[in-house]
Amino acid sequence: MLHNLEDEDDNMSSVVGPLNNKVKPLDVDETMPDGMFEDVHHEGGLNGNGVTSLGLGDLASLNIINEADPMVSTGWGTTGSHQMSDGMATAEKEPYRKTWTPKYTLRSHFDCIRAIEFHPVEPLVVTASEDQTLKLWNLDKTVPAKKSATLDVEPVYTFRGHIGPVLSLALCHTGDMIYSGGMDGTVRVWSMPSATVDPYDNYEPGVLMDSYSAHGDAVWGMAAHRTKSQVLSCSSDCTVKLWDSDSVDSSILRLLNTIELETAPTSVDFLHFEVGQLVVGTTDCRILIYDIETSQLVSTLQPPADDHTSSITMATSGQQQVNRVATLPACPLIVAAHEDRQIRFYDPAAGKLINSMVAHLDAVTSVSIDPSGLYLLSGSHDCSIRLWSLGYKTCIQEITSHRKKFDESIFDVAFHPSKSYIGSAGGDALAKVFI
């Protein structure tokens, strides 16, 4: 049935033009200390129900740079970048800036794709789906799509073992191991098959290295350290667990620590700029920073009183929950995607919110930061992914590529760590890769 929708899927992949070329960004002052973020000042207030008014007019005030204007480079194969005084990298004006275009469509899953990850160095993609499987895709093995400029990709390997939907995914920094978490509460370890494996070979059960029933509920988030052999998992059982692979056998995970929370976590990541700390996003709009060794809470970040709605209606409905957290590789900045259509930026050193913006027409489900720390990619249930300049706080490209299923669309977005690829995973059982 998915193949019958092939033509319509490809026609959905279109790059949307600029929305507004010279409009001041939402709630942002003209002056920025050190060239970066200014403290947030909200001119709007709360309506009679205690809910922040966020209409289309707010989103229309986003600054979308005209694609024809020379702006900034993407950091891939270009020069002219420099470091600002606060350590954040920015780019000087260049005569060329990359525009992402759809290139590959990954078809084979039979249900929503919850997570997508790229191999650290190879043109390989791993996806996790509610159809209870993970799949490995080789972007070098493609077939032409009918009546479309994009290429279809068939999976080279299918990982089977979870009992129920697979919700989260992470790859170790070497790309040799895959970690997945599912609705069954298990964390599973898989070895990475060869990129040249024959997809029609017999299933090899030895690919599933081990399974750990450490959580008592669904595992919604996983993260792997960029340089170490450590892995984080967070679950609806209100716990975050730190794992480390065995020094002799990397397929064996050792549970190092368990952090118990008051509310359910939704996303977790390492603070890469602060050794020994991790960050957790929760369903009650809080960002929690913990010390990895002591399990002690270091700080709690959340929107100020004029931005954070504390009404019972918002709290119980989860309209401001944190859907995803991400940290920059070298700059002390935490980016959080929220259910209320906003992306918020926190300074962990100052312990406060430093900027927020209405980024999409629907819930922001995921964010990803490119390896250079210059750009932010966001995905939403409004069927669009958007590329943002972190230095200028502007949306420089919008791409519509997925259709909705039960009011849900894009679940995950990702940058390739070393190649010029970005990817998205959707509720339409498709994954898209752009070049």
Side-chain angles (χ1 to χ4, degrees), residues 109-117 126-136 158-172 177-192 205-225 229-246 249-270 278-284 286 288 290 292 295 318 321-325 339 365-366 406 408 411-412 425 427 429:
H109 282 294
F110 294 99
D111 210 337
C112 304
I113 302 179
R114 283 282 179 174
I116 182 171
E117 289 284 344
V126 181
T127 55
S129 170
E130 291 186 7
D131 65 6
Q132 306 184 24
T133 68
L134 296 90
K135 292 182 184 291
L136 173 67
T158 299
F159 305 83
R160 296 180 176 90
H162 280 279
I163 303 174
V166 188
L167 304 175
S168 53
L169 172 67
L171 267 66
C172 71
M177 293 294 166
I178 303 170
Y179 310 102
S180 62
M183 188 71 75
D184 55 7
T186 64
V187 172
R188 297 177 186 256
V189 184
W190 317 79
S191 64
M192 177 69 75
V207 172
L208 175 58
M209 307 300 295
D210 217 333
S211 176
Y212 303 89
S213 300
H215 288 285
D217 209 333
V219 182
W220 286 102
M222 296 200 70
H225 199 281
S229 57
Q230 294 180 338
V231 183
L232 290 170
S233 62
C234 66
S235 168
S236 295
D237 62 3
C238 297
T239 63
V240 174
K241 295 184 181 292
L242 173 67
W243 309 80
D244 192 8
S245 61
D246 188 83
D249 187 353
S250 60
S251 66
I252 300 176
L253 285 181
R254 295 181 293 111
L255 180 61
L256 298 182
N257 211 345
T258 298
I259 300 175
E260 296 185 357
L261 310 178
E262 296 179 356
T263 56
T266 57
S267 179
V268 65
D269 197 7
F270 289 95
L278 61 89
V279 57
V280 184
T282 66
T283 56
D284 59 356
R286 292 187 300 161
L288 307 176
Y290 282 90
I292 290 179
S295 300
Q321 79 171 19
V322 179
N323 289 326
R324 189 66 56 88
V325 292
E339 189 73 16
T365 57
S366 58
F406 301 129
E408 295 180 321
F411 288 108
D412 198 14

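Since the model is a prediction, treat every value here as computed from it, not as a measurement.
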Do any N or O atoms from the side chain of D131 and from the backbone of F110 form a donor-acceptor pair under 3.5 angstrom? yes
Flag side-chain contact, heavy atom, 4.5 Å: V268 against Y290: no
Excluding sequence neighbours, so at least two apart, what forms side-chain hydrogen bond (donor to acceptor under 3.5 Å, both in side chains) with T266? none
Can you see which heavy atom on V219 is nearest to which on S233, and at what distance? CG1-CB, 4.1 Å
Suppose we screen for side-chain hydrogen bond (donor to acceptor under 3.5 Å, both in side chains). Which residues come up paired with E130, at least two apart in sequence or across chains? R114
Contacts of L208 that satisfy side chain to side chain contact (heavy atoms under 4.5 Å, CB included) - sequence neighbours left out: R188, W190
To the nearest 0.5 Å, what is the distance between OG1 (T365) and CD (E408)? 9.0 Å
So, T282 side chain and A264 main chain: donor-acceptor pair closer than 3.5 Å or not? no
With sequence neighbours excluded, tell me which residues meet side-chain hydrogen bond (donor to acceptor under 3.5 Å, both in side chains) with S366. none
From T158 atom OG1 to L134 atom CG, the distance as rounded to the nearest 0.5 Å: 9.5 Å
Using every non-hydrogen atom in the two residues, find where C112 and G427 come nearest and quote the distance to one decimal. SG-O, 3.5 Å
With heavy-atom distances below 4.5 Å as the criterion, would you say the side chains of E117 and I178 are in contact? no
Using side-chain hydrogen bond (donor to acceptor under 3.5 Å, both in side chains) as the criterion, list what pairs up with S295, not counting sequence neighbours. N257
If you compare all heavy atoms of M183 against all heavy atoms of A218, which two are closest, and at what distance to 0.1 Å? SD-CB, 3.5 Å
Quick one: does any side-chain atom of S236 pair with a main-chain N or O of D217 as donor and acceptor, under 3.5 Å? no
If we only count heavy atoms from C-beta on, is the H162 to S180 side-chain gap below 4.5 Å? yes
Separation between NZ (K241) and OG (S235), nearest 0.5 Å, reads 8.5 Å
Nearest heavy-atom neighbours spanning S191 and G206: OG-O, 4.4 Å
Q132 versus P165, closest heavy-atom pair with distance: CG-N, 4.1 Å
Applying ring pair (Phe, Tyr, Trp, His ring centres under 6.0 Å) to Y179 and not counting sequence neighbours gives none
Residue pair L278 / I259, side-chain heavy-atom distance below 4.5 Å: yes
So which atom in T186 and which in S213 form the shortest heavy-atom distance, rounded to 0.1 Å? CG2-OG, 3.7 Å
Of all residues at least two apart in sequence or in a different chain, which pass the side chain to side chain contact (heavy atoms under 4.5 Å, CB included) check with S267? R324, V325
To the nearest 0.5 Å, tell me how far H225 NE2 sits from D269 CG. 9.0 Å
With sequence neighbours left out, write down each residue that passes side chain to side chain contact (heavy atoms under 4.5 Å, CB included) with A115, or none if nothing qualifies. A128, L169, D412
Do the side chains of I113 and F411 get nearer than 4.5 Å, heavy atoms only? no
With sequence neighbours excluded, what pairs up with L256 under the side chain to side chain contact (heavy atoms under 4.5 Å, CB included) test? Q230, L242, D244, R254
Looking at S129 and D111, would you say the former's side chain and the latter's main chain have a donor-acceptor pair under 3.5 Å? yes
Y212 vs W243 aromatic rings, parallel, tilted or perpendicular, using cut-offs 30° and 60°? tilted
